[in-house]
There are 2 protein chains.
Amino acid sequence: MDIKYSTAANHLGSSAVREILKVTQGNDIISLAGGLPGEDLFPLEAVRNAYNRVLSSDTSTLQYGLTEGFTPLRDKIAERLTRQGIPVTASEMILTTGSQQAIDLLCKMLLDPGDAVLVEAPTYLAALQVLGSYRADIHTINNDEQGILPDHLEDQIQKLRPKLLYAVPTFNNPSGATWSKERREKIVEICRRYNVLILEDNPYGEITFEENKDLYPPSLASIDRSYGGDYCVAYTGTFSKIVAPALRTGWIIGDSNLIKTIAKAKQAADLHSSTIDQRALDELLLHFDIEQHIRVISREYYSRMKLLSAELKSQNWEGAHFLEPRGGMFLWLTLSQEINTKELLPLAVEHGVAFVPGEVFYSSQPHKNKMRLNFTHTPPERVPVAVQRLEKALVQWRESQSIVQS
Amino acid sequence: MDIKYSTAANHLGSSAVREILKVTQGNDIISLAGGLPGEDLFPLEAVRNAYNRVLSSDTSTLQYGLTEGFTPLRDKIAERLTRQGIPVTASEMILTTGSQQAIDLLCKMLLDPGDAVLVEAPTYLAALQVLGSYRADIHTINNDEQGILPDHLEDQIQKLRPKLLYAVPTFNNPSGATWSKERREKIVEICRRYNVLILEDNPYGEITFEENKDLYPPSLASIDRSYGGDYCVAYTGTFSKIVAPALRTGWIIGDSNLIKTIAKAKQAADLHSSTIDQRALDELLLHFDIEQHIRVISREYYSRMKLLSAELKSQNWEGAHFLEPRGGMFLWLTLSQEINTKELLPLAVEHGVAFVPGEVFYSSQPHKNKMRLNFTHTPPERVPVAVQRLEKALVQWRESQSIVQS
């Protein structure tokens with residue numbers, strides 16, 4: 001039948017890049033595209049034991065649960081966050097289906113069409129899609145190597161009266177960049193002063209590569225809470241990267257009124273997320289040393305990042321450069337100015353390697369000569385081959401360009 | 001901080017009834033309010049074995065999955081639906097976090113503020129909330145004991161040009177009513193003719209009380225598909241009532257373009273639902289006789305319904321009446337015209353019994369002398385006490401009224 005979709009549906013346009021990347025699945029293509037953790041590192045046995053314990057209790061385990069999520073798990077997450085410098089209680093938290101749902105529900109409760117929202121550039125693609133679906137008026141704040149620029153932020157706040165600043169200040173997706181402590185303090189101060197809500201999206205913050213953890217800056221949430229009440233930062237995290245994505249369990253914390261409002265949205269959206277998965281994570285946190293596990297995967301991801309970095313450097317591509325990230329899952333590669341990575345992608349896929357072209361991570365004025373490379377998922381022994389295939393694609397792209405020009 | 005919420009947030013108003021019902025949790029109150037299946041009937045051991053098998057395979061089980069859901073489970077659901085007279089394939093289906101999410105995502109992709117939507121009265125409360133959050137213009141179609149009235153439907157379609165008819169035609173929540181076969185055929189014919197999408201919400205249809213299953217009418221989806229392509233019915237179901245709610249797994253089928261659009265919405269909403277739960281259900285369907293299980297719970301729910309019915313009849317309340325439902329989870333009790341069940345609720349809770357006042361199930365012109373009673377969750381031995389407590393509350397309410405009048 002002839003269905004007339006909503007304006008929101010028409011703002012969730014399909015992505016040519018996604019269509020290309022779909023082709024990469026199940027083939028002999030080495031994908032550095034997906035934001036996937038390394039499967040070989042999932043704590044399968046501990047997860048199995050956790051589900052077993054959950055399902056060895058009484059049948060009430062299988063009943064409907066609270067919209068806010070399983071309370072003992074919320075308590076444990078709150079304790080971990082408190083140890084990480086974010087003092088919080090379970091009543092200021094709601095569990096979500098991954099942190100993606102936290103982003104969606106917060107935006108739904110906050111944004112009317114045309115409301116101004118500030119973002120970094122580049123930033124998380126699926127957050128831009130959510131903002132687009134609520135028809136936010138998205139504006140980019142300029143940044144340098146320390147993070148977004150306070151002067152530009154203040155200027156844009158005064159001009160646009162935005163409702164929200166969305167940011168991934170730690171090991172940004174896609175750029176891997178991390179804001180400095182001083183910059184964070186300044187940004188929080190400005191947003192508190194102007195009453196602008198910050199959504200701090202922190203899925204990667206626990207995957208750190210440096211030995212001395214004191215060298216990492218505090219979260220925006222931590223800085224915000226050091227002021228005392230009346231929080232301006234909502235903070236979302238997830239078990240997807242530190243345990244496993246399939247359990248789809250994330251959380252959002254914030255001002256308790258905001259959390260209550262998000263809970264109403266969640267009730268309408270899906271009543272609640274899987275309580276079996278939430279109970280299993282609760283059991284996992286009781287019986288499994290998650291801190292040690294995070295150290296293990298962080299060390300392994302560090303060595304994978306260094307391997308990819310070395311392979312890229314050894315290619316010595318003209319004009320190419322990148323900064324090694326201090327944590328997270330992505331390396332952000334800049335190529336020579338004339339190279340269009342979106343045009344490069346189909347050639348790369350032909351040669352058996354995939355990446356995400358940088359331009360999809362910008363809401364406007366995209367940089368076309370960048371690409372996001374994931375280093376956590378591909379087995380290390382395949383990384384040299386992946387980079388060689390990328391080299392072949394680049395050679396072919398240059399040849400095709402010289403044909404065009406001649 | 002002072003947060004300015006979205007218009008959608010302001011249309012998800014809090015419910016006085018929900019606040020009262022919150023008080024009933026964890027107390028000695030017998031709740032006939034919740035739409036909860038009987039916990040004693042959950043197939044816990046089979047579910048435990050299913051998770052065990054899932055988590056005994058390789059670590060890729062724990063990786064991100066498809067937005068549309070685990071394909072083998074979609075295949076199995078499609079086979080079951082085909083056997084139930086709804087020929088469908090996995091590509092016309094998306095798995096959701098309960099059928100609640102299917103309702104929400106479909107409405108999000110379809111409705112702009114002010115779009116007309118047709119509903120029955122009474123109807124599912126949380127669907128009204130979803131429609132409200134998208135600021136739909138909700139209109140009620142009149143009904144009789146056969147279902148909604150075709151003439152009124154056609155009249156309203158011509159007048160309002162609605163985008164959607166939302167209906168629970170089988171064992172309605174809250175009324176327990178079921179549309180006749182003839183009425184269903186007529187409604188589908190009209191909606192096809194006028195290009196109006198129907199969302200058939202069928203969480204209860206498999207819980208049947210009559211021996212001869214041929215006496216039950218076909219689903220709207222089945223009638224629609226008998227016409228051939230160009231479907232006008234989207235159909236949502238769930239494992240919540242036939243296996244257990246905690247796994248939060250529902251599905252929606254429909255026109256493949258509609259399903260693709262809903263998949264885009266789901267990707268933005270939460271990437272995908274828990275694949276561990278989906279894989280466990282897939283294993284359950286392989287190793288557990290779900291058809292036999294559904295017969296067992298249906299028989300038990302039938303006997304619980306008959307018990308509640310008998311207890312209510314024995315009270316012989318002046319002006320009270322109800323029809324015994326032919327399946328599902330609810331009995332819809334009409335009291336004498338002057339009784340306001342919302343005013344009765346706090347008295348009932350004081351006496352130790354809870355129900356849902358009928359008026360919350362209407363988008364306009366609520367009937368105030370009705371209540372929804374769930375018969376699946378309360379242990380049978382407590383039902384007589386529950387009804388006696390209701391009697392005490394009624395006596396008290398009548399006394400309070402005569403004081404007001406004197």
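Computed from a predicted structure; not experimentally measured. Residue numbering restarts at 1 for every chain, and letters A, B, ... go by the order of the sequence lines.
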Under a 4.5 Å cutoff for heavy-atom pairs, which residue among [options] has the most contacts with chain B?
{"options": "A:Pro43, A:Ala126, A:Ser56, A:Gly98", "answer": "A:Ser56"}
{"options": "A:Ile3, A:Leu271, A:Val130", "answer": "A:Leu271"}
{"options": "A:Asp2, A:Ile103, A:Val47, A:Leu197", "answer": "A:Asp2"}

Margin query: On a heavy-atom basis, which atom in B:Arg248 and which in A:His272 lie closest, and how many Å separate them?
Written below: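 Closest pair (atom of B:Arg248, atom of A:His272, distance): NE-O, 2.8 Å.
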Margin query: Give me the atom names and distance for the closest heavy-atom approach of B:Thr61 to A:Ala246.
Written below: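 Between these two residues, the closest heavy atoms are O-CB, 3.5 Å.
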Which atoms of [X] are under 4.5 Å from chain A, going by heavy atoms: the side chain, the backbone, both sets, or neither?
{"X": "B:Gln267", "value": "both"}
{"X": "B:Asn52", "value": "both"}
{"X": "B:Tyr51", "value": "side chain"}
{"X": "B:Thr97", "value": "both"}
{"X": "B:Thr7", "value": "both"}
{"X": "B:Ser273", "value": "backbone"}

Would you mind checking which part of [X] comes under 4.5 Å of any heavy atom in chain B, side chain (CB onward), backbone (N, CA, C, O), both or neither?
{"X": "A:Asp58", "value": "backbone"}
{"X": "A:Asp255", "value": "side chain"}
{"X": "A:Val54", "value": "neither"}
{"X": "A:Ser99", "value": "neither"}
{"X": "A:Ser133", "value": "side chain"}
{"X": "A:Lys4", "value": "both"}

Closest-packed option against chain A by number of heavy-atom pairs under 4.5 Å, given [options]:
{"options": "B:Gly132, B:Cys107, B:Gly65, B:Ser60", "value": "B:Ser60"}
{"options": "B:Val243, B:Leu111, B:Ile262", "value": "B:Leu111"}
{"options": "B:Asp104, B:Leu62, B:Asp230", "value": "B:Leu62"}
{"options": "B:Met109, B:His377, B:Arg192, B:Lys108", "value": "B:Met109"}
{"options": "B:Gln101, B:Met1, B:Arg48", "value": "B:Met1"}

Can you confirm whether [X] sits close enough to [Y] that some side-chain heavy atom of one is under 4.5 Å from a side-chain heavy atom of the other?
{"X": "B:Tyr64", "Y": "A:Ser240", "value": "yes"}
{"X": "A:Leu247", "Y": "B:Ile276", "value": "yes"}
{"X": "A:Asn257", "Y": "B:Tyr5", "value": "yes"}

Margin query: Donor-acceptor check, side chain of B:Lys264 to backbone of A:Ala9, threshold 3.5 angstrom: yes or no?
Written below: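 It does not hold such a pair.
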Note to self: I'd like to know if the side chain of A:Gln100 reaches the main chain of B:Ala268, judged simply by a donor and an acceptor atom lying under 3.5 Å from each other, with no hydrogens or angles considered.
What the structure shows: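 Between the backbone of B:Ala268 and the side chain of A:Gln100 there is a qualifying donor-acceptor contact (under 3.5 Å).
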Notebook entry, point to check: Going through the distances and angles, do B:Leu44 and A:Leu55 end up as a side-chain contact (heavy atoms from CB on, under 4.5 Å)?
Noted result: CA-CA 7 Å; B:Leu44 182 63; A:Leu55 294 165; 4.0 Å; yes
Notebook entry, point to check: Residue by residue, which of residues 34-41 of chain B have a heavy atom closer than 4.5 Å to a heavy atom belonging to chain A?
Noted result: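 Residues in range: B:Gly35, B:Leu36, B:Pro37, B:Glu39, B:Asp40.
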Checklist line | Listed partners of A:His293 passing ring pair (Phe, Tyr, Trp, His ring centres under 6.0 Å), at least two apart | finding: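 A:Phe288.
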Next item on the list: Could you give me the CA-CA distance, side-chain angles and deciding distance for A:Ser6 and B:Leu110, then say whether side-chain contact (heavy atoms from CB on, under 4.5 Å) is met?
Entry: CA-CA 5 Å; A:Ser6 65; B:Leu110 205 65; 5.5 Å; no
